[in-house]
Amino acid sequence: MAISTANYKSAIDGLNVATNSKYQPSTSGTTYCNVFANDVMNGYGYPLPANGSGNCAAIFDGLYGNVDAHWKSVSYTDAQARANSGYPTVGITSGRASKSPDTTMPEHIVVIYPSGHTPTSIADMDMSMAGYQCFNNTKLSYAWTSTDQAKVKFYSYN
């Protein structure tokens, strides 16, 4: 179920991921991408699997193979189009999740940002994230290397 594009943007922008201390990496290197993604989705009643308490591996396990009845796998172009239409959408990798097809991937999740444009590649998608750095409305190429981008899985709420 879609929310309005304006409300989806507001759910993301209102958390001030780039400056909010809740999402900044700790001095020990702990990052909070899963916390940010959960906060965005829970803020409008679209919980990710593991209901807000899970790390990326738990979220990935709940999404992979369309295990969760509400979250469905989509292509990168559909992911951006759905986000642009107000559907909550994420990109995720997790090499340590029990269902991951690639054990060399780091755990990471981003929120696909409703930018209104059609990406020409995965790197050209718009996203917001907490992690090694925190970004709002920037390109997905900031989240994963060019080699890893092809391994990112996209899911959108139905």
Side-chain angles (χ1 to χ4, degrees), residues 1-24 31-94 97 99 105 107-144 148-158:
M1 171 182 232
I3 57 178
S4 76
T5 303
N7 284 344
Y8 186 36
K9 279 185 179 183
S10 180
I12 299 166
D13 295 343
L15 295 174
N16 299 312
V17 68
T19 58
N20 188 329
S21 62
K22 179 178 183 180
Y23 307 118
Q24 302 306 307
T31 61
Y32 302 98
C33 60
N34 59 314
V35 174
F36 172 68
N38 276 303
D39 285 355
V40 170
M41 300 310 161
N42 287 335
Y44 276 108
Y46 300 96
L48 288 162
N51 199 22
S53 61
N55 59 21
C56 288
I59 296 167
F60 187 93
D61 276 350
L63 293 171
Y64 191 75
N66 298 319
V67 172
D68 187 286
H70 297 290
W71 290 90
K72 297 298 176 198
S73 178
V74 294
S75 68
Y76 81 89
T77 53
D78 286 343
Q80 187 68 66
R82 289 183 61 80
N84 292 346
S85 296
Y87 288 90
T89 305
V90 298
I92 189 169
T93 56
S94 183
K99 298 177 184 180
M105 288 298 296
E107 295 181 9
H108 192 48
I109 187 169
V110 302
V111 174
I112 305 303
Y113 192 87
S115 63
H117 96 282
T118 302
T120 58
S121 67
I122 291 173
D124 189 39
M125 295 178 71
D126 295 299
M127 62 90 194
S128 295
M129 69 171 238
Y132 74 98
Q133 288 186 342
C134 298
F135 300 104
N136 190 40
N137 188 16
T138 194
K139 297 299 178 191
L140 190 132
S141 59
Y142 283 85
W144 286 280
D148 290 341
Q149 290 166 17
K151 300 171 187 174
V152 178
K153 305 295 182 205
F154 298 96
Y155 295 89
S156 189
Y157 196 90
N158 286 322

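All residue numbers in this chain count up from 1 along the given sequence.
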Would you say the side-chain atoms of [X] pair up with the backbone N or O of [Y], donor to acceptor, closer than 3.5 Å?
X	Y	value
Thr89	Tyr87	yes
Asp124	Thr120	yes
Asn20	Leu15	yes
Thr93	Val152	no
Asn55	Asn34	no
Ser85	Ala81	yes
Gln149	Trp144	yes
Gln24	Val17	yes
Trp71	Pro47	yes

Nearest-0.5 Å distance, CG of residue Asn84 to NE2 of residue His117:
8.0 Å
Separation between CE (Met127) and CD1 (Ile109), nearest 0.5 Å, reads 12.5 Å
Does Asp126 have any salt bridge (charged side-chain N to carboxylate O under 4.0 Å, His left out) partners at least two apart in sequence or in another chain, and if so, which?
Lys139
Considering residues at least two apart in sequence or located in another chain, which fulfil the side chain to side chain contact (heavy atoms under 4.5 Å, CB included) criterion with Thr19?
Asn16
Donor-acceptor side-chain pairing of Asp13 and Tyr113 below 3.5 angstrom:
yes
Which residues satisfy the ring pair (Phe, Tyr, Trp, His ring centres under 6.0 Å) test with Tyr23, sequence neighbours excluded?
Phe36
Look at the rings of Phe135 and Tyr132 and say which category their plane angle falls in: under 30° parallel, 30 to 60° tilted, over 60° perpendicular.
perpendicular
